[in-house]
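Position 1 is the first residue of the sequence, and the numbers go up from there. Fair warning: this is a prediction, and the values are worked out from it, not measured in the lab.
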Amino acid sequence: MYKPLTSILVKPSGPDCNLGCKYCFYLEKSKLYSEQKVHRMNDDVLEELIIQAIDQSENDISIAWQGGEPTLMGLDFFKKVIELEKKHGVGRTIGNGLQTNGYLLNEEWAEFLAEYNWLVGISVDGTEHIHNKHRLTPNGKNTWEVVHRNAEMLLKKGVAVNVLTTLTDYSADYIEEIYHFHKQMGFEFMQFIPIVEKDKNDPTKAADFSLSAEKYGKVLCKLWDLWRDDFVNGKPTTSIRHFENLFFTYVGFEAPECTMQKECGSYTVIEHNGDVYSCDFFVSNKWKLGNIMNKDIVEMLNSPKQENFGKAKNDLPTKCKRCSYLKHCWGGCPKDRVKDPKDNGLPRFCKSYLMFFAHADKELQEMAKLWHQQQDEIDKQNQAKPYNIMKDFAEFYKNKQ
């Protein structure tokens with residue numbers, strides 16, 4: 001089936017980063033580009049990227065600028081991005097997002113991001129002792145104080161901020177502390193990312209900091225309770241991406257997040273030199289699709305190699321295929337099946353999801369039932385669009401209280 005080009009993930013500084021987070025999976029990608037110590041996207045690649053993204057998309061396009069650490073490019077690079085989007089995208093809708101560790105931000109950055117309505121995902125693992133456990137500079141210095149200050153600055157400047165929080169064996173023990181800290185900071189949009197990486201000294205097992213299935217299950221249950229307890233008049237006061245994506249699947253839509261989709265391959269990753277890969281977690285020679293300087297992005301997105309990559313997600317054990325919750329998780333992200341070899345390709349977090357569904361499935365079903373009742377009650381011409389599901393549900397649920 002033809003896949004339209006709706007979003008791309010761009011790494012303008014490649015695997016380069018000013019931090020040395022212990023669990024980072026992308027720093028090692030520098031081996032793919034070992035002929036250079038510093039990796040930066042040049043003007044020709046940037047303009048070709050912008051032109052293709054605009055011309056090959058249909059109505060709108062979302063561009064996520066990631067790393068490594070994209071702010072290493074400097075603010076002038078992103079001002080050039082805006083100039084090129086204005087030049088080539090007249091009459092089109094272009095959304096930009098920046099995922100950053102926050103260490104290099106300043107007021108000029110914040111003003112730029114606010115002026116052009118960029119969505120910023122900033123990596124904050126929680127309070128000081130949690131954040132500094134793994135998020136350090138290359139020479140081992142703590143980063144929390146600087147990142148915390150810069151995160152506050154973004155919020156004060158009115159930048160749209162989504163906090164990205166990794167879940168490790170350590171941080172999972174403090175999930176309530178993390179949640180309340182994020183709320184106190186003013187982070188209304190939260191994304192929690194389970195970490196699984198191979199042990200660098202023993203590739204036959206997962207690294208010690210990797211999140212276990214049991215701990216992740218407990219985290220999901222606790223977060224659900226915290227999230228639901230914070231509803232006011234039936235309306236969520238915080239956004240947790242995992243739960244909102246999950247709600248899509250309960251009301252009959254495909255989840256926006258690829259982790260919960262039946263197949264992978266809905267987007268591509270573009271490296272600093274224009275190389276295109278199947279997925280952020282599978283940047284390797286095996287899954288290289290080509291280069292934008294001699295191929296179209298949409299062509300690579302719909303290539304047989306990308307199709308094969310996407311379908312590989314369905315290679316699940318019989319237990320999964322018979323599971324009544326399969327349509328709500330689809331086995332999770334395939335990278336978690338290969339990061340811990342002892343799992344033999346099985347979904348690492350299967351136990352986690354089963355723990356969570358035992359805890360929240362009945363309530364999710366009731367929420368979905370109420371949402372469908374709402375759809376029957378409103379005029380068909382004003383039916384809720386999928387991406388407004390939680391907002392529309394909240395309004396309806398409030399009226400039922």
Visitor: Less than 4.5 Å apart, any side-chain heavy atom of Met153 and any of Glu107?
Guide: yes
Visitor: Please identify which of these residues, Thr143, Thr165, Asp125, meets the side-chain hydrogen bond (donor to acceptor under 3.5 Å, both in side chains) condition with His131.
Guide: Thr143
Visitor: Any cation-pi pair here, Lys11 with Tyr26, using under 6.0 Å and within 45°?
Guide: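 Yes, Lys11 sits over the ring of Tyr26.
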Visitor: Quick one: which of Phe77, Tyr116, Trp118, Phe78 gives a ring-ring contact (aromatic ring centres under 6.0 Å, His included) with Trp109?
Guide: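 Single pass found, and it is Phe78.
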Visitor: Does any donor atom in the side chain of Glu188 or His182 lie under 3.5 Å from an acceptor atom in the other side chain?
Guide: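 Note: Glu188 and His182 side chains miss the donor-acceptor criterion.
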Visitor: May I ask you to test the Ile63-Val10 pair for a side-chain heavy-atom distance under 4.5 Å?
Guide: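 Contact flag for Ile63/Val10 side chains = yes.
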Visitor: So, applying side chain to side chain contact (heavy atoms under 4.5 Å, CB included) with Thr100, which one of Val147, Leu113, Leu105 is it?
Guide: Leu105
Visitor: Side chains of Gln52 and Glu48: donor-acceptor distance under 3.5 Å anywhere?
Guide: yes
Visitor: Heavy atoms, side chains only, cut-off 4.5 Å: are Met190 and Tyr179 in contact?
Guide: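 Yes; the side chains approach each other to less than 4.5 Å.
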Visitor: Is there a donor-acceptor contact under 3.5 Å linking the side chains of Ser212 and Arg348?
Guide: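 Not at all, the side chains of Ser212 and Arg348 share no donor-acceptor pair under 3.5 Å.
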Visitor: Looking only at side chains, do Asp275 and Asn273 share a donor and an acceptor under 3.5 Å apart?
Guide: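 A pair is found: one side chain offers a donor N or O, the other an acceptor, under 3.5 Å apart.
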Visitor: Side-chain donor-acceptor pair under 3.5 Å between Gln306 and Trp287, yes or no?
Guide: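 Absent: no donor and acceptor within the cut-off.
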Visitor: Do we see a donor-acceptor contact under 3.5 Å between the side chains of Thr6 and Tyr267?
Guide: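 Tyr267 and Thr6 do not have a side-chain donor-acceptor pair below 3.5 Å.
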Visitor: Under a plain distance cut-off of 3.5 Å, with no hydrogens placed, do Ser352 and Glu214 share a side-chain donor-acceptor pair?
Guide: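 Distance-only check fails for Glu214 and Ser352.
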Visitor: Does atom CG of Asp202 have more than 12 heavy-atom neighbours from other groups under 6.0 Å away?
Guide: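 Atom CG in Asp202 is crowded, with more than 12 foreign heavy atoms closer than 6.0 Å.
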Visitor: Hydrogens and angles aside, do Thr166 and Tyr23 bring a side-chain donor and acceptor to less than 3.5 Å of each other?
Guide: yes
Visitor: Consider only side-chain N and O atoms of Asp225 and His359, and report whether a donor and an acceptor are under 3.5 Å apart.
Guide: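 Result is yes, a qualifying pair exists.
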Visitor: Measuring centre to centre across the rings, with the benzene-like ring taken for any Trp, is His134 within less than 6.0 Å of Tyr170?
Guide: no
